Protein chains: 2
Amino acid sequence: MYDTQSTFKAIADPTRRAIIGMVADREMTIGEVTDRFNMSRPAIAKHLRVLRDGGLVSVRESGRERFIKFEPSALKDVEQWIEHFSHFWDDKLSKLKAAVEKDEA
Amino acid sequence: MYDTQSTFKAIADPTRRAIIGMVADREMTIGEVTDRFNMSRPAIAKHLRVLRDGGLVSVRESGRERFIKFEPSALKDVEQWIEHFSHFWDDKLSKLKAAVEKDEA
DNA sequence: TTGACATGAAACCATTTGGTTTCCTATATA
DNA sequence: TATATAGGAAACCAAATGGTTTCATGTCAA
């Protein structure tokens with residue numbers, strides 16, 4: 001299990017957030033991700049490691065390629081932390097959501 | 001105007017997230033915040049500077065004291081980024097949201 | 001008005017971060 | 001089999017980060 005701190009650290013970098021946006025669309029190899037940045041492959045590989053440590057992506061090996069897949073559950077944790085404060089800006093939605101979650105429990 | 005990157009950076013640190021939780025409850029002076037951590041006052045002051053740069057707190061001066069106040073709107077921006085991916089874990093809400101947005105278009 | 005209190009600011013330090021280049025290994029393919 | 005391709009790993013570097021100590025400043029209160 002990854003810890004929430006690693007997830008916060010992972011999404012703090014703009015390159016990594018861009019990577020998340022890409023692989024959330026579809027699985028991509030490390031090479032494909034690298035091609036979309038003006039940055040060396042090892043640099044991207046390091047970012048991917050941080051993303052994996054934060055539970056935001058997983059890696060599937062196939063031959064000599066590694067496919068990067070978005071893993072959403074970690075982001076959900078971050079969202080839940082933010083939800084603690086959402087009543088500050090959105091009273092209506094937060095009440096609705098609380099009601100929905102109560103029904104599902 | 002603060003930029004979203006500063007906000008992501010600000011919430012990446014556990015001490016700063018703890019500070020947010022405290023001052024969201026009520027306004028606190030820098031000294032009060034410091035008292036709740038095993039850390040020097042200048043260290044806390046630095047964290048508060050980062051939080052202010054990220055738009056997460058504001059400072060009200062009163063005599064020799066500075067009152068730190070939580071500012072929620074920056075967190076809302078982070079939440080909106082996460083919302084881009086929320087359909088991965090929350091199909092019901094995402095379908096509702098998509099429907100609403102379609103109606104509004 | 002003198003001293004205590006709340007904070008700011010600067011200098012310093014070790015570690016982390018985000019990048020590079022270079023070299024190595026394994027898998028496809030001509 | 002020889003070569004190109006995908007990626008891993010290590011060494012290195014500059015800058016940013018998160019902390020410290022020390023000193024200066026303004027405000028409150030005895």
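The sequence lines fix the lettering, A, B, ..., with proteins before strands; numbering per chain opens at 1. Here the structure is a predicted model, which is why all the values come from computation and not from measurement.
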Note: B:Gly55 and B:Ala74 closest approach over all heavy atoms is O-CB, 3.6 Å
First of A:Ala43 and B:Ala45 reached from the 5' end of DNA chain C, by closest nucleotide = B:Ala45
Interatomic distance where CG belongs to A:Asn38 and C1' belongs to C:dG18 [whole Å] = 14 Å
Positions of residues 56-69 of chain B (non-hydrogen atom under 4.0 Å from DNA chain D), listed by number = B:Gly63, B:Arg64
Nucleotide C:dT16, atom P - distance to CD of A:Gln5 in whole Å = 13 Å
Nucleotide nearest A:Pro42 when distance is taken to its side chain, options C:dT7, D:dG19, D:dA9 = D:dA9
At under 4.0 Å, does any side-chain N or O of A:Ser40 touch on OP1 or OP2 of C:dG19?
-> no
Are A:Ile20 and A:Phe67 grouped together when hydrophobic residues (ILVMFWY) are joined by side-chain heavy atoms under 4.5 angstrom apart?
-> no
From CG of A:Leu51 across to C1' of C:dT17 the rounded distance in Å is 14 Å
For B:Met39 and D:dT21, give me the distance from atom CE to atom P, rounded to whole Å.
-> 13 Å
Would you kindly give the CG-to-C1' distance between B:Asp13 and C:dT15, to the nearest whole Å?
-> 14 Å
Short side-chain N/O contact from B:Arg16 to OP1 or OP2 of D:dG18, under 4.0 Å = yes
Just compare D:dG7, D:dG19, C:dG19 and give me whichever is closest to any side-chain atom of B:Lys46.
-> D:dG19
State plainly whether the residues A:Arg66 and A:Glu61 are in salt-bridge range, i.e. N to O under 4.0 Å.
-> yes
Protein-nucleotide distance (A:Asp35, atom CG; D:dT5, atom P), rounded to Å = 13 Å
Whole angstrom value for the distance that separates P of D:dG19 from CZ of B:Arg49 | 17 Å
Can you find a heavy atom in the side chain of A:Leu75 that is under 4.5 Å from one in the side chain of B:Trp89?
-> yes
Listed nucleotide nearest any side-chain atom of A:Thr15, set C:dG19, C:dG8, D:dT20 = C:dG19
Which pair of non-hydrogen atoms, one from B:Ser58 and one from B:Glu71, has the smallest distance, and what is that distance?
-> OG-OE2, 2.8 Å
Would A:Phe85 and A:Trp81 count as a close aromatic pair, with their ring centres under 6.0 Å?
-> yes
dist B:Ile19:CD1 -> B:Ile68:CD1 (nearest 0.5 Å) comes out at 9.0 Å
Interatomic distance, B:Asp53 CG vs D:dA16 P [rounded to whole Å] | 14 Å
